[in-house]
Structures are given as C-alpha cells and as structure tokens.
Amino acid sequence: MNREIAFRKPNPKDGIRVWELVKAAGSLDVNSAYCYMMICDYFRDTSAVAESDGEIVGFVSAFSHPGKSGTLFVWQIAVSASVRGMGIGSRLLDTLMDRKASEQVRHIETTISPSNMPSRSLFAGLAKRYQADIRMSQGYPKEWFPASEDHEEELLFQIGPIRSTNPEGG
Ligand code: 9YT
C-alpha cells in the first residue's frame, strides 16, 4: 500500500501521541508526556512530525546548539514500525534542513546508543546526502547513567561542514 505521508511542525497537542510513538519505538529513552508537549511547543521550529491518515508515524526533535551557532543538535528520532523502510527518518531530517530556521545550519550533532543501528545508519546517510564528514566520539559514558537503568553509553556523532542544504549538493 502506498501511504501518503505529510510532514509538518508539531504542536503541543501532539505531545501525547509523540510520547506513545517513542514508547512503542523501544530503542529510545522515554521522556515524560510533559517533556514531549514542551518540545512540540517551544522547539516546534526545529522539530517535525510525520503524519499518515491522521496518525503520527514519525517524530524528530532538535534544537539549536546553545554554545555553537550554526549547529543543530538532533535529540530523538522515532519512526513507527508500520512505516519502516519508507525513508521516513531521512525525510524527517531533510524537512528540518529545508526550514528557514536551518538556513545557517552547517553542522549537526546527535548522540545515539551503540545498539541503535537504524539511527546510526540514518545519520550516516544524512552525511552522505549533504556531502559532509561524520565523526564519532564518546558522548555520555555508561557510568553517568543510573545503574538501575542499565543504560548504554551515548556516542556523539558530529556531521559537517554541510556544503549545501539541498541533498546531493543541489
Ligand atoms: C538520534 C536519537 O534518536 N538519539 C537518541 C538519544 C537518546 N538515546 C534518547 O533520547 O533516546
């Protein structure tokens, strides 16, 4: 089936559906519903949802790096299992890059846990599309997380410089 997917900025009412999507994804840290409302409200210009038949099937949250102008930090990206393999993750990232708010963006940073391979390949693909280098280094070590959570380390990925905001250097 060919599903029509629409990409748009989130609004705070989407928060609860985004929270459900992140919970279902399984590979991400589940923040509070309140946190997702805040992201969908205050960070809406640098975040996006993918919608199909009124259902939220994809989400990306990001914010401008507070200490590095021209750097976008991508916090979380989640795609529903129902639409996997359709390139929704890449399209969510491209949607952010196409925004007016991203005109000055030349670098992207994110942290990803080692086992989250789908997300790692998503960012490798992003670097390729935007003809940018990608570097991996230590982000947040495992010991910094509560032992009770058994949280993996978070690897830091730095992508850039981006030469064009149009994929493939157009
Ligand atoms: C890009 C991405 O989704 N990173 C996840 C970071 C962290 N493990 C989280 O917030 O889930």
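Numbering of ligands and ligand atoms starts at 1, following listing order.
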N/O pairs closer than 3.5 Å, ligand 1 and protein:
| from | atom 1 | to | atom 2 | distance (Å) |
| --- | --- | --- | --- | --- |
| ligand 1 | 3 (O) | Ile77 | N | 3.0 |
| ligand 1 | 4 (N) | Trp75 | O | 3.2 |
| ligand 1 | 4 (N) | Thr111 | O | 2.9 |
| ligand 1 | 8 (N) | Asp29 | OD2 | 2.9 |
| ligand 1 | 8 (N) | Glu154 | OE1 | 3.4 |
| ligand 1 | 8 (N) | Glu154 | OE2 | 2.6 |
| ligand 1 | 10 (O) | Gln76 | NE2 | 3.0 |
| ligand 1 | 11 (O) | Asp29 | N | 2.8 |
| ligand 1 | 11 (O) | Asp29 | OD2 | 3.2 |
| ligand 1 | 11 (O) | Gln76 | NE2 | 3.0 |

* Asked: Which of these passes salt bridge (charged side-chain N to carboxylate O under 4.0 Å, His left out) with Lys9: Asp45, Asp14, Asp41?
  ->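 Passing option: Asp45.
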
* To do: Evaluate the criterion side-chain hydrogen bond (donor to acceptor under 3.5 Å, both in side chains) for residue pair Ser115 and Glu152; output intermediate values, then yes/no.
  => CA-CA 8 Å; Ser115 67; Glu152 287 179 84; 2.5 Å; yes

* **Salt bridge Lys142-Glu149, side-chain N to carboxylate O under 4.0 Å** =>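 Looking at Lys142 and Glu149, the cut-off is not met.
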
* Asked: For His65, what residues pass the side-chain contact (heavy atoms from CB on, under 4.5 Å) criterion, not counting sequence neighbours?
  ->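 Scan of His65 (side-chain contact (heavy atoms from CB on, under 4.5 Å), adjacent residues dropped) gives Lys68, Thr71, Glu109.
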
* To do: Provide the closest heavy-atom pair for Glu153 versus Gln138 in the form atom of the first, atom of the second, distance.
  =>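 Between these two residues, the closest heavy atoms are OE1-CG, 4.5 Å.
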
* To do: Step through it carefully: locate the ring centre of Phe73, locate the ring centre of Phe63, and say whether they are under 6.0 Å apart.
  =>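 When the ring centroids of Phe73 and Phe63 are compared, they turn out to be within the sub-6.0 Å range.
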
